[in-house]
**Student:** 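This is the structure I want to talk about, given as structure tokens.
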Amino acid sequence: MRRALLTWAAAPLLSGCGLLYQVGGGGVAGLDDRPGRLGVEAQGHAGFGLSDASFVMGLGLSARARVTEGVQQLAGGSHLFVTALADGPSPYLRVGTHFLQFERVDGAFGFGMASPFAEAGLALFDAAGRKRRGFFGTGPYVGLWIGYDTRLTDQPSEASAGITFGWAMGTGVATP
């Protein structure tokens with residue numbers, strides 16, 4: 001009886017596993033009227049999750065660095081993601097929270113946490129490693145994102161959005 005319950009409880013975990021890595025950069029703009037919010041941003045994401053070799057859905061870690069005239073920022077956190085794994089266009093969606101952010105805002109030190117973000121985009125995987133029960137692909141990606149910087153210091157919280165270009169790697173393995 002115990003073995004049957006363990007097998008039933010673990011069944012979703014036995015469907016397969018996959019990874020998604022992305023590194024990129026692009027432009028960022030503030031969504032309010034504050035000056036000095038146009039600049040550049042670099043991002044990195046790594047995630048692990050369930051897969052059936054045609055998609056991956058799971059949890060990951062995110063990091064970003066932002067430089068504008070008024071904001072210089074480092075942030076890190078976690079996210080949920082889902083992506084298709086296909087030879088060619090593969091859409092993805094990521095939602096998460098930057099748990100910690102250290103920044104300089106309008107000349108003063110700033111600190112924030114629990115800053116939500118969302119990103120949707122398209123990876124163009126070249127699936128040279130596709131097999132019957134697996135997928136391995138790399139390629140460029142483009143994503144549009146929106147976020148809200150929650151600040152715990154005197155500076156006001158603010159929303160921003162941007163576009164990111166970079167390189168992605170996706171893998172997925174299905175169990176028989």
Side-chain angles (χ1 to χ4, degrees), residues 18-49 55-127 135-151 155-172:
L19 302 168
L20 177 65
Y21 298 108
Q22 291 178 301
V23 176
V28 59
L31 297 180
D32 59 9
D33 294 336
R34 300 181 71 195
R37 298 303 190 260
L38 187 61
V40 295
E41 180 168 285
Q43 298 182 9
H45 307 280
F48 175 80
F55 80 97
V56 179
M57 175 175 53
L59 300 171
L61 298 174
S62 296
R64 77 168 180 221
R66 176 182 299 166
V67 177
T68 71
E69 182 183 333
V71 177
Q72 297 81 45
Q73 181 184 80
L74 293 174
S78 64
H79 65 267
L80 299 169
F81 73 95
V82 62
T83 186
L85 294 175
D87 193 5
S90 299
Y92 70 89
L93 176 65
R94 176 181 12 262
V95 295
T97 301
H98 286 117
F99 292 132
L100 290 174
Q101 62 195 45
F102 299 99
E103 55 199 348
R104 186 168 172 83
V105 180
D106 298 327
F109 172 76
F111 172 75
M113 47 191 318
S115 297
F117 67 92
E119 181 175 347
L122 195 63
L124 298 174
F125 289 125
D126 176 13
F135 177 90
F136 174 81
T138 63
Y141 78 92
V142 60
L144 299 173
W145 61 266
I146 188 166
Y148 187 77
D149 293 331
T150 305
R151 297 195 174 107
Q155 301 89 351
S157 299
E158 60 186 288
S160 57
I163 186 168
T164 302
F165 301 94
W167 198 257
M169 181 186 82
T171 66

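All of these numbers come straight from a predicted model, not from anything done at the bench.
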**Student:** Could you check if a side-chain atom of Val23 sits within less than 4.5 angstrom of a side-chain atom of Trp167, using non-hydrogen atoms only?
**Tutor:**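 No. Closest side-chain heavy atoms not under 4.5 Å.
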**Student:** Roughly how far, to the nearest 0.5 Å, is CG of Asp32 from OG of Ser160?
**Tutor:**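 So the OG of Ser160 and the CG of Asp32 are separated by 9.5 Å.
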**Student:** Checking side chain to side chain contact (heavy atoms under 4.5 Å, CB included) for the pair Phe81/Leu59: CA distance, chi angles, key distance, verdict?
**Tutor:** CA-CA 6 Å; Phe81 73 95; Leu59 300 171; 5.8 Å; no
**Student:** Within the 4.5 Å heavy-atom criterion, are Val56 and Thr171 side-chain neighbours or not?
**Tutor:**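 When only atoms from C-beta onward are counted, Thr171 and Val56 do not touch, as no gap falls below 4.5 Å.
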**Student:** Give a yes or no on whether the backbone of Leu124 and the side-chain of Ser90 come within a donor-acceptor separation of less than 3.5 Å.
**Tutor:**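 No, the answer is negative, given that no donor and acceptor are paired below the 3.5 Å cut-off.
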**Student:** Output all residues satisfying side-chain hydrogen bond (donor to acceptor under 3.5 Å, both in side chains) with Thr68, sequence neighbours left out; order by chain, then residue number.
**Tutor:**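 Thr68 satisfies side-chain hydrogen bond (donor to acceptor under 3.5 Å, both in side chains) with no other residue.
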**Student:** Rounded to the nearest 0.5 Å, what separation is found between the CZ atom of Phe117 and the CD1 atom of Ile146?
**Tutor:**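 CD1 of Ile146 is found 13.0 Å from CZ of Phe117.
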**Student:** Is the closest side-chain heavy-atom distance between Pro91 and Val82 below 4.5 Å?
**Tutor:**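 Counting from C-beta outward, Pro91 and Val82 never come under 4.5 Å.
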**Student:** What closest approach, in Å, do Ala168 and Ala123 show between heavy atoms, and which atom pair accounts for it?
**Tutor:**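 Here Ala168 and Ala123 meet closest at CB-CB, 4.4 Å.
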**Student:** Among residues at least two apart in sequence or on other chains, which ones pass side-chain hydrogen bond (donor to acceptor under 3.5 Å, both in side chains) with Glu41?
**Tutor:**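 In terms of side-chain hydrogen bond (donor to acceptor under 3.5 Å, both in side chains), with neighbours along the sequence ignored, Glu41 is linked to Gln43, Arg66.
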**Student:** Could you go step by step and tell me if His45 and Tyr21 meet the ring pair (Phe, Tyr, Trp, His ring centres under 6.0 Å) rule?
**Tutor:** CA-CA 6 Å; His45 307 280; Tyr21 298 108; over 10 Å; no
**Student:** Can you measure from CE (Met57) to CG (Leu20) and round to the nearest 0.5 angstrom?
**Tutor:**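 If we round to the nearest 0.5 Å, Met57:CE and Leu20:CG are 13.5 Å apart.
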**Student:** I'd like to know if the side chain of Ser157 and the backbone of Arg151 have a donor-acceptor N/O pair within less than 3.5 Å.
**Tutor:**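 Yes, Ser157 side chain to Arg151 backbone: donor-acceptor pair under 3.5 Å.
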**Student:** Any chance you could lay out the side chain to side chain contact (heavy atoms under 4.5 Å, CB included) test for Gln101 and Arg64, step after step, and finish with the verdict?
**Tutor:** CA-CA 9 Å; Gln101 62 195 45; Arg64 77 168 180 221; 3.9 Å; yes
**Student:** Rounded to the nearest 0.5 Å, how far does CG of Asp149 lie from NE2 of His98?
**Tutor:**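 These two atoms lie 9.0 Å from each other.
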**Student:** In Å and rounded to the nearest 0.5 Å, what is the CG to CZ distance from Leu74 to Phe102?
**Tutor:**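 With rounding to 0.5 Å, CG (Leu74) is 9.0 Å from CZ (Phe102).
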**Student:** Which residues pass the ring pair (Phe, Tyr, Trp, His ring centres under 6.0 Å) test with Tyr148, sequence neighbours left out?
**Tutor:**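 Not a single residue meets the ring pair (Phe, Tyr, Trp, His ring centres under 6.0 Å) criterion with Tyr148.
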**Student:** How far apart are the closest heavy atoms of Thr150 and Pro116, and which atoms are they?
**Tutor:**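 Smallest heavy-atom distance, with atoms named: OG1-CD, 4.2 Å.
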**Student:** Report the C-alpha separation of Val142 and Ile163 in whole Å, then their side-chain angles, then the decisive distance to 0.1 Å, and conclude whether the side chain to side chain contact (heavy atoms under 4.5 Å, CB included) test is met.
**Tutor:** CA-CA 7 Å; Val142 60; Ile163 186 168; 4.0 Å; yes
**Student:** Any pair with a residue in residues 71-81 that passes salt bridge (Lys or Arg N to Asp or Glu O under 4.0 Å), sequence neighbours left out, goes on the list, sorted by first then second residue, please.
**Tutor:**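 Found none.
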**Student:** Which salt bridge (Lys or Arg N to Asp or Glu O under 4.0 Å) pairs, counting each pair once, include a residue from residues 77-86, with sequence neighbours left out?
**Tutor:**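 Pairs touching residues 77-86 that pass the test: none.
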**Student:** Is the backbone of Glu119 close enough, under 3.5 Å, to the side chain of Arg94 for a donor and an acceptor to pair up by distance?
**Tutor:**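 No.
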**Student:** Given side chains that start at C-beta, do those of Trp145 and Thr164 come closer than 4.5 Å, heavy atoms only?
**Tutor:**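 Counting from C-beta outward, Trp145 and Thr164 do come under 4.5 Å.
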**Student:** Less than 4.5 Å apart, any side-chain heavy atom of Gln22 and any of Tyr141?
**Tutor:**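 Sidechains of Tyr141 and Gln22: in contact.
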**Student:** List the atom pairs, with distances to 0.1 Å, where a side-chain N or O of residues 104-112 and a protein N or O form a donor-acceptor pair under 3.5 Å, not counting sequence neighbours.
**Tutor:**
{"from": "Arg104", "atom 1": "NH1", "to": "Gly107", "atom 2": "O", "distance (Å)": "3.3"}
{"from": "Arg104", "atom 1": "NH2", "to": "Gly107", "atom 2": "O", "distance (Å)": "3.1"}
{"from": "Asp106", "atom 1": "OD1", "to": "Arg37", "atom 2": "NH1", "distance (Å)": "3.0"}
{"from": "Asp106", "atom 1": "OD1", "to": "Arg37", "atom 2": "NH2", "distance (Å)": "3.4"}
{"from": "Asp106", "atom 1": "OD2", "to": "Arg34", "atom 2": "NH2", "distance (Å)": "2.5"}
{"from": "Asp106", "atom 1": "OD2", "to": "Arg37", "atom 2": "NH2", "distance (Å)": "3.0"}

**Student:** Could you check if a side-chain atom of Pro140 sits within less than 4.5 angstrom of a side-chain atom of Phe165, using non-hydrogen atoms only?
**Tutor:**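 No, too far: nothing below the 4.5 Å cut-off.
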**Student:** Between atom CG of Leu122 and atom OG1 of Thr83, what is the distance when rounded to the nearest 0.5 Å?
**Tutor:**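 It comes to 9.0 Å.
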